[in-house]
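Note sheet for the following structure.
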Amino acid sequence: MPEIHVAYYESPIGLLEVKGGERGVSAVAFVDTLANRAALARDGKGPLPVPLADCLTQLDEYFRGRRRTFSVKLDLGGSIIVPCHRVVGSDGRLTGYGGGLWRKEWLLRHEGNDLPSS
């Protein structure tokens, strides 16, 4: 079984946990709490696998408004990189999002998308 690494990115709308390994990024998810904030710092186990390091760089570019699409190597199970926050209900309204509707709205506004009427 491939080794899974974890890294964190402090976004303007909350802490993102990035998981994966040499095969690619397997998950990017918002985490509202982190029991040990020291986990944000690398613990000396060596460098992150290239796909995770690339993901952190691309997330930073995205949140700084310099990137609209992602090109990280994926080992998919679901992540923010797959733009599920862009899915709206059949009636055009915002619907459930694992990170919360307020984050979904923020992400859509950040990307310059018109929001559906409530």
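The closest side-chain heavy-atom distance from Asp75 to Val25 is not below 4.5 Å. Within the 4.5 Å cutoff, no side-chain heavy atoms of Ser11 are placed close to those of Leu59. By the 4.5 Å heavy-atom criterion applied to side chains, Phe30 and Leu15 are not counted as neighbours. At least one side-chain heavy atom of Ile13 sits under 4.5 Å from a side-chain heavy atom of Leu107.
Within the 3.5 Å criterion, the main-chain N or O of Glu22 finds a donor-acceptor partner in the side chain of Lys73.
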Residue pair Leu52, Val50: steps toward the side-chain contact (heavy atoms from CB on, under 4.5 Å) verdict: CA-CA 6 Å; Leu52 267 67; Val50 171; over 6 Å; no

Steps toward side-chain contact (heavy atoms from CB on, under 4.5 Å) verdict (Leu101, Lys104): CA-CA 5 Å; Leu101 286 179; Lys104 181 174 189 160; 4.1 Å; yes

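With sequence neighbours excluded, the residues forming a side chain to side chain contact (heavy atoms under 4.5 Å, CB included) with Ile4 are Lys19, listed by chain and number. Arg67 is linked by a side chain to side chain donor-acceptor pair (under 3.5 Å) to Gln58, Glu61, counting only residues two or more places apart in sequence or in another chain. The side chain to side chain donor-acceptor pair (under 3.5 Å) check on Arg64 picks up Asp60, with sequence neighbours excluded.
Geometrically, Arg68 does not engage Tyr62 in a cation-pi contact, judged by NZ or CZ lying under 6.0 Å from the ring centre and within 45° of the ring axis.
Looking at Tyr9 and Glu17, their side chains never bring a donor and an acceptor atom within 3.5 Å of each other.
Taking each heavy atom of Gly24 and Pro51 in turn, the nearest pair found is CA-CB, 3.7 Å.
Linking ILVMFWY side-chain heavy atoms closer than 4.5 Å, directly or via other members, places Trp102 and Phe63 in a single hydrophobic cluster. Cluster membership for Val6 and Val31, using ILVMFWY side-chain heavy atoms within less than 4.5 angstrom, is shared.
Here the CZ atom belonging to Arg23 is positioned 12.5 Å from the CG atom belonging to Leu74, to the nearest 0.5 angstrom. A distance of 10.5 Å separates CG of Leu48 from SG of Cys55, quoted to the nearest 0.5 Å.
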